Number of protein chains: 2
Amino acid sequence: MSDRGKLQQELKKKTPFTSLEQEVVLNLMRTADKVQIRFTRLFRDHDLTPSQYNILRILRGEGKPLPCMEIASRTITEVPGITGLIDRLEQKDLVARQRDGQDRREVHVTITPAGLAKLETLDQPLEELHRQVVGHLSPDELTQLNRLLEKARATLG
Amino acid sequence: MSDRGKLQQELKKKTPFTSLEQEVVLNLMRTADKVQIRFTRLFRDHDLTPSQYNILRILRGEGKPLPCMEIASRTITEVPGITGLIDRLEQKDLVARQRDGQDRREVHVTITPAGLAKLETLDQPLEELHRQVVGHLSPDELTQLNRLLEKARATLG
DNA sequence: TGTTATTGATTGATATGTAAAATAAATGGC
DNA sequence: GCCATTTATTTTACATATCAATCAATAACA
């Protein structure tokens, strides 16, 4: 069965794709969705959501407290959403808030030792999951896929 | 600048990717996210959400009333989420509920003339957006991208 | 200096996705 | 026909995303 046929069957659509462009977009969204489901499951097993993990990872990578604006700028999450995310991470003692800077409007967020420990328990499973998800593609295919995704994204932002 | 460098800069990460697999996954999620944002905006301009549009499109494609279970099976949305979606579409008179079948547990959902009209106003803008989003890739690249995305998704469920 | 504009963060409203449990109707075995 | 099970849907609870509005602190500037 052709590639086109496969996706068509998967979506249970009766009509053929009207364009190659439409097929690519659907394919992209559907694949990303399935990948995300796998990662979401892993995070949930560790009592985290993808957004929460992402913030912890950013804080660890930076190694110092970051204001909410800066966190928002590095995630999909809009600034108002950061507030609630930090609230829930703070309740779990994975991050802490500080108003220490000269600019007292800024709330600096720090990852706690417990937050760092939580991340460490996820490092290996995550690396393993990355391999599980796209490991069946050859290095050439992965490189090619990267190139095409980059090119697709180039005009988008 | 290399592809790896570009994404790295974009995410403001300080450390290089630990693997090609990780890079592909991040690339995939990020690209899908940006594409989705564009479509979400278009739908919002027409007072719809992506999920709402998706349900209308499915109903139009089928051409006859469908039970909630069937709608859920053709979307990302889990069954419980369908209820609220149909609620809001019904409030806008874009769909209607019927309990006409032999199995009176089933709620059949029909698209209304207003719903069909709403979809028609979206057909052209959507086709145009598909081209805008990935139209700068050559047909060869689109075909290649489709193949790689299909292959990536093959092991995912 | 004092008024205004901007910025960082929060809150509130609406929509969605997910999981668990509840409700109601249909089905199968006896 | 009765009862346990299954099925279709809804309800409830929680996390998130988006947008608008608000509040406090700072910056800009006449």
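Residue numbers begin at 1 in each chain, while the letters A, B, ... track the order of the sequences. Quick caveat: nothing in here was measured; it's all calculated off a predicted structure.
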Using atom names, set out every protein N or O paired with an N or O of nucleotides 23-26 of chain C below 3.5 Å, distance rounded to 0.1 Å.
from    : atom 1 : to        : atom 2 : distance (Å)
dA25(C) : N3     : Arg105(B) : NH1    : 3.4
dA26(C) : OP1    : Gln102(B) : O      : 3.4
dA26(C) : OP1    : Arg104(B) : N      : 3.1

Taking only nitrogen or oxygen atoms into account, show me every contact under 3.5 Å that the protein makes with nucleotides 18-21 of chain C, one pair per line with its distance.
from    : atom 1 : to       : atom 2 : distance (Å)
dA19(C) : OP1    : Arg44(A) : NH1    : 3.0
dA19(C) : OP1    : Arg44(A) : NH2    : 3.0

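Here Gln36(A) does not reach the OP1 or OP2 of dG17(C): none of its side-chain N or O atoms lies under 4.0 Å away.
Scanning all heavy atoms of the two residues, the minimum distance from Thr155(B) to Gln132(A) falls at OG1-O, 4.3 Å. Considering all non-hydrogen atoms of both residues, Gln98(B) and Pro65(B) come closest at OE1-CG, 4.1 Å.
In this view, Thr75(A) and Asn54(A), Ile58(A), Thr77(A), Ile82(A) satisfy the side chain to side chain contact (heavy atoms under 4.5 Å, CB included) rule, not counting sequence neighbours. Considering only residues two or more places apart in sequence or on other chains, Asp87(B) meets the side chain to side chain contact (heavy atoms under 4.5 Å, CB included) condition with Thr83(B), Arg97(B). A search for side chain to side chain contact (heavy atoms under 4.5 Å, CB included) contacts involving Asp93(B) returns nothing, not counting sequence neighbours.
Backbone-only engagement by Val107(B) is indicated by non-hydrogen atom pairs under 4.0 Å involving sugar-phosphate atoms exclusively. Nucleic acid contact class of Ile82(B) (heavy atoms, under 4.0 Å, all strands): none.
Closest to the Arg88(B) side chain, of the nucleotides dA17(D), dG8(C), dT16(C), is dT16(C). Of the candidate nucleotides dT16(D), dT9(D), dA9(C), dT9(D) has the atom lying nearest to any side-chain atom of Met69(B).
Along DNA chain D, the nucleotide nearest Ser51(A) and the nucleotide nearest Pro67(B) are compared for position; the residue whose nucleotide lies closer to the 5' end is Pro67(B).
Atom-to-atom, CG of Leu48(B) to P of dT18(D) comes out at 18 Å; the value is rounded to the nearest Å. Taking atom CD1 of Ile55(B) as the reference point, atom C1' of dA15(C) lies 12 Å away to the nearest angstrom. In this structure, the CZ atom of Arg97(B) is 10 Å from the P atom of dT9(D), given to the nearest Å. Put simply, CZ on Phe43(B) is 15 Å from C1' on dT16(C), counting in whole angstrom units. When the P atom of dA25(D) is taken as reference, atom CD of Glu106(A) falls 14 Å away, rounded to whole Å. Atom CD1 of Ile86(A) is separated from atom C1' of dG8(C) by 14 Å (rounded to the nearest Å). To the nearest angstrom, P of dT14(C) lies 16 Å from CG of Leu85(B). Following rounding to the nearest Å, Asp47(B) (CG) and dT14(C) (P) show an atom-to-atom distance of 14 Å.
Sorted by first and then second residue, the side chain to side chain donor-acceptor pair (under 3.5 Å) pairs with a member in residues 112-127 of chain A read Arg60(A)-Asp123(A); sequence neighbours excluded.
Distance check: Leu56(B) CG to Leu116(B) CG gives 8.5 Å after rounding to the nearest 0.5 Å.
Shown here is Gln144(B), whose CD atom has more than 12 heavy atoms of other residues, nucleotides or ligands within 6.0 Å.
In summary, the aromatic rings of His130(A) and Phe39(A) are positioned with their centroids under 6.0 Å apart.
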